[in-house]
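Below: the structure, in structure tokens.
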Amino acid sequence: MSLLLIIHLIALGIWIGVVSAEFAIEFDGMKDDESYIKASKLHYATDIWIEIPAFTTVLLTGIFMIDESHLSGAFLYKIIFAMLAIMFNIVCVYAVFKRRKLALSSDVSGMRSTESIMKLGSLIIPTFLIAFSLAFYVAW
């Protein structure tokens, strides 16, 4: 196993781990407006310090590992779904940044306006799971 693949897999684990933790943060934020503001600030911090570096590392190491044999069959679908997961994560990060800006001024109704963007960004989960499953399939 190459060093690049090891870095890729570690970053992948960190990425999906922080996405899972963010679900817990968001769930806790549903209690009341104060919890919602706190959750938005925590989610922003995890995006800045953990999630963005993790999915960027996954993207870059993945790109560096691609060769011509990966551009067909199930592996190509794995790449497509992985790119979709990263794209949906970027959508979610955009919503998190926008929501945090509104949270700093305690604009809860403005914060709630980002929920539709967050829902679109939540498509990261199924696309990630499909890419992850395809990775196991092609490795098998």
Side-chain angles (χ1 to χ4, degrees):
M1 190 179 308
S2 72
L3 178 60
L4 201 54
L5 179 57
I6 292 169
I7 293 168
H8 184 77
L9 294 174
I10 289 169
L12 191 65
I14 292 168
W15 179 29
I16 200 59
V18 77
V19 168
S20 300
E22 287 171 344
F23 271 112
I25 291 169
E26 292 295 329
F27 186 73
D28 187 59
M30 293 179 189
K31 292 182 201 171
D32 53 42
D33 289 351
E34 186 179 322
S35 297
Y36 192 51
I37 291 169
K38 182 179 177 184
S40 94
K41 292 175 183 177
L42 284 170
H43 196 152
Y44 175 83
T46 61
D47 277 8
I48 291 290
W49 296 107
I50 305 166
E51 188 172 17
I52 294 170
F55 77 70
T56 301
T57 301
V58 170
L59 175 63
L60 293 175
T61 56
I63 288 170
F64 291 143
M65 289 188 292
I66 290 176
D67 66 34
E68 192 175 312
S69 69
H70 297 139
L71 301 178
S72 64
F75 207 100
L76 176 61
Y77 289 109
K78 176 213 163 295
I79 292 170
I80 291 168
F81 279 100
M83 294 301 293
L84 284 170
I86 289 169
M87 181 196 73
F88 286 125
N89 204 149
I90 291 168
V91 167
C92 195
V93 165
Y94 166 76
V96 167
F97 278 48
K98 184 175 180 178
R99 190 177 67 172
R100 180 199 174 256
K101 183 178 179 181
L102 294 162
L104 292 174
S105 62
S106 298
D107 182 1
V108 176
S109 63
M111 290 172 62
R112 297 212 188 280
S113 71
T114 65
E115 288 177 5
S116 60
I117 303 169
M118 292 288 278
K119 286 179 184 173
L120 177 63
S122 71
L123 289 173
I124 179 188
I125 300 300
T127 54
F128 176 91
L129 291 174
I130 292 168
F132 196 67
S133 298
L134 286 168
F136 275 103
Y137 175 76
V138 296
W140 208 263

Which heavy atom in [X] sits nearest to a heavy atom in [Y], and how many Å separate them?
X	Y	result
S40	A103	OG-CB, 3.0 Å
M118	A95	SD-CB, 3.5 Å
F128	A85	N-CB, 3.8 Å
V58	L12	CG2-N, 3.5 Å
A131	A82	CB-N, 3.5 Å

Worksheet item: According to the interplanar angle, ranging from 0 to 90°, do the rings of F132 and F136 count as parallel (below 30°), tilted (30 to 60°) or perpendicular (above 60°)?
Response: perpendicular
Hydrophobic clusters here meaning ILVMFWY residues chained together by side-chain heavy-atom distances under 4.5 Å, can you tell me if [X] and [Y] are in one?
X	Y	value
W140	L9	no
I50	I25	no
L42	Y44	no
L129	I124	yes

Worksheet item: Do H70 and V138 come close enough that some side-chain heavy atom pair is under 4.5 Å?
Response: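 Heavy-atom side-chain distance check fails, nothing below 4.5 Å.
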Worksheet item: Does the side chain of V96 reach to within under 4.5 Å of the side chain of E51, using non-hydrogen atoms?
Response: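 No, their side chains stay 4.5 Å or more apart.
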My understanding is that a hydrophobic cluster links ILVMFWY residues whose side chain heavy atoms are under 4.5 Å apart, including indirect links. Using that, what else belongs to the cluster containing [X]?
X	answer
L3	I7
M30	F27
M111	Y36, I37, L102, V108

To the nearest 0.5 Å, tell me how far [X] [atom1] sits from [Y] [atom2].
X	Y	atom1	atom2	value
L120	I117	CG	CD1	8.5 Å
N89	I125	CG	CD1	8.5 Å
L60	H8	CG	NE2	11.0 Å
T114	Y94	OG1	OH	9.5 Å
I10	L5	CD1	CG	10.0 Å

Item to complete: Considering only NZ, NE, NH1 and NH2 on the basic side and carboxylate oxygens on the acidic side, decide whether D33 and R112 come within less than 4.0 Å.
Response: yes
Practice prompt. Mind checking side chain to side chain contact (heavy atoms under 4.5 Å, CB included) for S69 and listing every partner two or more places apart, or none if nothing turns up?
Written response: D67
Item to complete: Identify, with sequence neighbours excluded, every residue that meets side chain to side chain contact (heavy atoms under 4.5 Å, CB included) alongside I86.
Response: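 Expected list: W15, F55, L59, I90.
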Discussion item. Looking at E34, I'd like to know if its CD atom is crowded, meaning that more than 12 non-hydrogen atoms belonging to other residues, nucleotides or ligands lie closer than 6.0 Å.
Written reply: no
Discussion item. Taking salt bridge (Lys or Arg N to Asp or Glu O under 4.0 Å) as the cut-off, I'd like each qualifying pair that reaches into residues 84-107, sequence neighbours left out, listed once.
Written reply: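 Output for this query lists E26-R99.
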Worksheet entry | Residues L134, F75; criterion side-chain contact (heavy atoms from CB on, under 4.5 Å); working and verdict | CA-CA 7 Å; L134 286 168; F75 207 100; over 6 Å; no
Discussion item. I'd like to know if the side chain of S122 and the backbone of K119 have a donor-acceptor N/O pair within less than 3.5 Å.
Written reply: yes
